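Heads up: the structure comes next, in C-alpha cells.
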Amino acid sequence: QLQAYGGGLVQAGGSLRLSCAAPRRNFGRHTMGWFRQAPGKEREFVAAIASSGEDTKFADSVKGRFTISRDNANNTVYLQMNSLKPEDTAVYFCALSFVSKTTMREELYKFWGQGTLVTVSS
C-alpha cells in the first residue's frame with residue numbers, strides 16, 4: 001500500500017514537497033511515478049524515477065519546476081514542486097511500476113497510493 005502525503009494549499013509561485021511511502025520489499029528495484037488528476041480531467045503523468053535515481057522523466061508542463069528523488073533506504077519517493085501555478089491544482093498520486101526504466105504509461109504502474117490534494121491559489 002502506497003501512502004502519499006504533503007499536499008495542501010499554496011499560493012502561486014510557492015513550493016510544496018510531496019512524499020510517498022512504499023513499504024514494499026525490494027522497493028529500490030522498482031520505478032516510481034507521480035501522476036495527477038485535476039477536477040474534470042483525466043489523470044496525467046507528472047514524473048518518474050527509476051530504481052537508481054539517475055533515470056528521471058518529466059511531463060513537459062512541469063519540466064524545470066518539479067524534481068523527483070528517492071530514498072531507497074527509507075522506501076520513499078519525493079516530488080519537489082516549485083514555482084507552482086494554479087493549473088498545477090490536482091490530486092497527486094504516487095505509483096509503482098515493475099518496469100526497469102522510467103515510463104509515462106499509466107497502465108505499467110501496478111500499485112497506486114490514495115492521492116493527496118494540491119491546491120494552488122492565484
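This one's a predicted model, so the numbers in the text were calculated from it and none came from an experiment.
Within the 4.5 Å cutoff, the side chain of F45 has heavy atoms near those of the K57 side chain. Residues V62 and R36 have side chains in contact (heavy-atom distance under 4.5 Å, counting atoms from C-beta outward). At least one side-chain heavy atom of T103 sits less than 4.5 Å from a side-chain heavy atom of Y109.
Partners of T119 by side chain to side chain contact (heavy atoms under 4.5 Å, CB included), not counting sequence neighbours, listed by chain and number: L9, T89, L117. Shown here are the ring pair (Phe, Tyr, Trp, His ring centres under 6.0 Å) partners of F93, two or more places apart in sequence or in another chain: there are none.
The backbone N or O of A4 sits nowhere less than 3.5 Å from a side-chain atom of T116 that would complete a donor-acceptor pair. Remark: side-chain polar atoms of R43 are not paired, donor with acceptor, to backbone N or O of V91 under 3.5 angstrom. Listed for the N75 side chain is a donor-acceptor partner under 3.5 Å among the backbone atoms of A22. Between the side chain of D55 and the backbone N or O of T102, at least one donor-acceptor pair lies under 3.5 Å. The backbone N or O of P86 lies less than 3.5 Å from no partner atom in the side chain of S122, so there is not a single donor-acceptor pair.
Of all heavy-atom pairs between Q114 and L2, the closest is OE1-O, 3.6 Å. A pairwise comparison of heavy atoms in A47 and L79 identifies CB-CD1, 4.0 Å as the closest pair. In plain terms, the two heavy atoms of T31 and R70 that are nearest each other are CA-NH1, 4.2 Å.
Connection of L16 to Y78 is not established within any shared hydrophobic cluster, with ILVMFWY side chains joined at heavy-atom distances below 4.5 Å, either directly or through further cluster members. F27 and F98 end up in the same hydrophobic cluster when Ile, Leu, Val, Met, Phe, Trp and Tyr side chains are linked at under 4.5 Å.
Between the CZ atom of R29 and the CG atom of L96 there is a distance of 12.5 Å, given to the nearest 0.5 Å. Interatomic distance, CG of L84 versus OG of S121, reported as 10.0 Å (0.5 Å rounding). Atom OG of S15 and atom CE of M81 lie 8.5 Å apart (nearest 0.5 Å). Summarising the geometry, atom CD belonging to Q3 is positioned 11.0 Å from atom OG belonging to S19; distances are rounded to the nearest 0.5 Å.
Crowding of E107 atom CD: a count of heavy atoms from other residues, nucleotides or ligands under 6.0 Å exceeding 12.
Aromatic ring pairs are classed by plane angle as parallel below 30°, tilted from 30° to 60° and perpendicular above 60°; the pair W112 and F35 is tilted.
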* To do: Determine, step by step, whether F111 and H30 satisfy the side-chain contact (heavy atoms from CB on, under 4.5 Å) criterion, reporting the C-alpha distance in whole Å, the side-chain angles of both residues, the deciding distance to 0.1 Å, and the verdict.
  => CA-CA 11 Å; F111 293 95; H30 304 311; over 6 Å; no
* Please report the C-alpha distance between K85 and D88 in whole Å, then the side-chain angles of each, then the deciding distance to 0.1 Å, and finally whether the salt bridge (charged side-chain N to carboxylate O under 4.0 Å, His left out) criterion is met. => CA-CA 5 Å; K85 304 175 181 179; D88 294 318; over 6 Å; no
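Between F66 and W34, the distance from one ring center to the other does not fall under 6.0 angstrom.
In this structure, R65 forms no cation-pi arrangement with F58, as its terminal cationic atom is not both closer than 6.0 Å to the ring centre and no more than 45° off the ring axis.
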